[in-house]
Q: 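Quick one: this structure, given as structure tokens, is what I'll be asking you about.
Model, not experiment: these values are computed from the prediction. Every chain is numbered from 1, with letters handed out A, B, ... down the list of sequences.
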Amino acid sequence: MNTLDLFALLPLIILTTSIILVMLVIAFARNLALTCLLCCIGLASTLLSIAWVGSSADSGYVTPLILVDAYSTLFSGLIVAAGIFISLISYSYLKHRGENQDEFILLLMLSTLGAVTLAHSAHFVSFILGLELVGVSLYAMISYPSKGLFGLEAALKYLILSGVSSAFILFGAAMMFAVLGTLSFSEMASSAQAQSTIEHWFILIGTTMVLAGIGFKLSLVPFHMWTPDVYEGAPAPATALLATISKGGIFAALLRFFLSFDGYQYNLITESLFWIAILSIVIGNVLALMQTKIKRVLAYSSIAHLGYLMVAFVSASILSGKQLAIEASIFFLFAYFITTIGAFGVVAIMSCESQGSDKDEISHYQGLFWRRPLLAAFFSAMLLSLAGIPLTLGFVGKFYIVAAGVESELWALLVAVVIGSGIGLFYYLRIIFSMTTHTDSDEPIAIPATGGWALGTLAFLLVYLGVYPTQVVDWVSSVAKSMI
Amino acid sequence: MGEAVAIPMTHGLLLAAMLFSIGLLGVLVRRNIILILMSLEVMLNACGLAFIVAGAHWGIADGQIMFMFILSIAAAEVSIALGLLLQVHRRFRSLDIDQASGMRG
């Protein structure tokens with residue numbers, strides 16, 4: 001390992017160092033504001049180093065485990081930026097929740113590190129390590145701040161199911177390793193050629209098991225059962241992290257695995273991904289209609305959104321549409337990050353004065369436009385973006401998905417996207433309508449400064465980038481071009 | 001001493017697959033949280049066995065290294081799980097997973 005390698009690893013080194021620093025500071029002085037400040041400084045300097053390394057270092061492998069290139073730069077930048085926003089929101093959320101909440105911030109940084117590792121991974125070892133780092137920190141985050149029973153139940157459910165899905169991924173990887181004799185994604189691709197029939201089946205079953213495990217973590221139908229319960233029981237900032245950083249990191253690794261291993265060559269797998277996408281969109285949207293709690297609505301809507309993402313993922317199987325499909329999935333994920341953090345951020349801000357579980361009944365939000373117009377406007381912007389209304393980032397993202405589907409001529413998937421968006425409009429608008437109705441309750445809602453500013457920035461980005469997406473589009477398309 | 005007979009890779013993988021299935025079945029049918037965690041451990045170790053068998057077949061150390069990672073991952077997972085388990089026992093006075101199932105919808 002030489003200086004150049006160390007330079008390429010700079011983001012990971014800075015992030016790890018700041019985690020250790022925060023851990024030591026917590027041991028000596030428990031102060032939530034200080035911990036949060038250090039966390040934000042650490043994450044911000046990581047972001048700067050990612051930009052620096054991305055602009056000056058050559059792309060290449062640093063040890064066989066880590067691949068630093070434009071793709072990993074983009075994803076780790078996105079993940080770390082999301083980490084900053086979530087830590088700001090968590091600060092406001094945790095401030096009134098009693099003593100000893102500092103470790104939540106530490107766990108947040110650890111799972112960010114895991115997701116950054118996932119974005120860099122080009123080998124099953126780094127993939128599994130990143131995956132578990134995200135997962136194990138999340139178990140603790142889900143049950144940590146709330147003293148309620150739901151948090152505990154959610155953590156237990158997530159722990160067992162996530163453990164099972166990790167075991168599936170590991171066993172699938174072991175089967176592929178048995179046939180191919182390597183764990184690196186790109187070497188796997190070269191030895192996957194010219195195999196006998198039985199070895200071919202080994203690879204097929206192995207890839208299917210890996211995909212089933214990843215499907216659990218991304219909460220795709222039919223592996224989605226845990227999603228609403230975990231989303232409901234977890235504290236809102238942890239849910240935001242689970243929905244964005246965790247899923248984003250795993251998707252980054254999945255896309256890298258599929259592109260370098262060329263998993264699309266197996267028709268059976270592409271076919272089943274096709275059905276998974278359709279089922280996720282339809283079932284996610286239909287079940288969201290029946291929910292009365294905002295977090296459950298958002299949980300089912302995230303199942304549907306991952307379904308939209310899979311549309312782009314499947315579109316990448318057609319060679320002519322590959323570049324556009326990669327571009328679409330990255331851009332859609334970008335829009336999904338901003339929107340989802342914003343939506344859960346509003347739930348977190350609404351519940352930051354309550355001691356028990358989060359305020360997530362739709363009735364809590366009744367008349368929000370009259371009581372807190374700005375917060376209601378932010379929330380409406382997020383919901384409209386989730387629904388894919390023009391002038392928001394969500395619209396550009398969905399437009400991209402449709403374009404990718406058209407380019408690859410997957411008409412059945414496009415029909416599902418259109419039907420899903422139609423149903424989606426109904427339950428997003430229901431929440432917005434409920435916010436406009438009058439209510440007699442004049443219970444004051446305090447908006448804490450840090451969380452409020454974070455939400456404001458997200459809402460601004462949502463609309464600004466929705467109107468002028470050119471810069472992001474250029475960046476994303478140059479990354480997609482480098483992946484072909 | 002006779003010449004050592006190598007165990008074919010398929011036998012080892014078959015054993016690992018059987019252990020994996022037993023673990024999965026345990027997670028699905030057991031209702032006691034401790035037994036669920038034990039079954040989970042069986043699943044993870046079955047993966048470790050599969051890695052070692054495959055690594056021995058190719059004569060490379062990758063499989064064993066992966067096993068060490070699996071060991072540490074399983075340890076981390078179990079330590080959090082036992083922490084949660086204590087909480088569950090304190091709150092619900094029971095280790096039955098069905099007791100801890102309040103959310104519906």
Q: Checking an interface table here. Which of residues 51-66 of chain B come within a heavy-atom distance under 4.5 Å of chain A?
A: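 Hits under 4.5 Å: B/F51, B/A54, B/G55, B/H57, B/W58, B/I60, B/D62, B/G63, B/M66.
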Q: Yes or no on side-chain contact (heavy atoms from CB on, under 4.5 Å) for B/R91 and A/L152, after CA distance, side-chain angles and deciding distance?
A: CA-CA 9 Å; B/R91 305 273 177 82; A/L152 200 56; 3.9 Å; yes
Q: Side chain, backbone, both or neither: which part of B/L85 has a non-hydrogen atom closer than 4.5 Å to chain A?
A: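 The answer is neither part of B/L85.
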Q: Under 4.5 Å, heavy atom to heavy atom, which residues of residues 20-29 of chain B contact chain A?
A: B/F20, B/L24, B/V27
Q: Which distance, rounded to the nearest 0.5 Å, do you find between the CD of B/E77 and the OG of A/S162?
A: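 Result: 6.0 Å between the selected atoms.
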Q: Heavy atoms only: give me the nearest A/A174-B/A50 pair and the separation to one decimal.
A: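 Scanning both residues, the minimum pair turns out to be CB-CB, 3.6 Å.
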Q: Do B/I70 and A/I128 have side-chain heavy atoms sitting under 4.5 Å apart?
A: no
Q: Would you mind checking which part of B/A16 comes under 4.5 Å of any heavy atom in chain A, side chain (CB onward), backbone (N, CA, C, O), both or neither?
A: both
Q: Any chance CG of A/L289 has more than 12 other-residue heavy atoms, nucleotides or ligands included, within less than 6.0 Å?
A: yes
Q: Can you give each donor-acceptor pair under 3.5 Å made by side-chain atoms of residues 209-216 of chain A, sequence neighbours left out, with the distance rounded to 0.1 Å?
A:
none

Q: By a 4.5 Å heavy-atom criterion (distance strictly below it), what part of A/L180 contacts chain B: side chain, backbone, both, or neither?
A: backbone
Q: Considering all heavy atoms of both residues, which atom of A/A178 and which atom of B/L13 are nearest to each other, and what is their separation?
A: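 For A/A178 and B/L13, the tightest heavy-atom pair comes out as CB-CD1, 3.7 Å.
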Q: Identify which part of A/F168 has an atom lying under 4.5 Å from any heavy atom of chain B, answering side chain, backbone, both or neither.
A: both
Q: Just verifying a value: how many Å separate B/L19 CG and A/F171 CZ, rounded to the nearest 0.5 Å?
A: 8.5 Å
Q: With a sphere of 6.0 Å drawn around CE of A/M23, does it hold more than 12 non-hydrogen atoms of other residues, nucleotides or ligands?
A: yes
Q: Quick one: CD1 on A/I160 to CD1 on B/I97, what's the gap to the nearest 0.5 Å?
A: 4.0 Å
Q: To the nearest 0.5 Å, how far apart are CG in A/L159 and CD1 in B/I80?
A: 8.0 Å
Q: So if I take each residue of residues 136-144 of chain A and look for any heavy atom under 4.5 Å from a heavy atom in chain B, which residues do I end up with?
A: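 Near chain B, by residue number: A/V136, A/Y139, A/A140, A/S143.
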Q: Hey, is CG on B/L86 packed in by over 12 heavy atoms from elsewhere, all under 6.0 Å?
A: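 Count over threshold, so yes.
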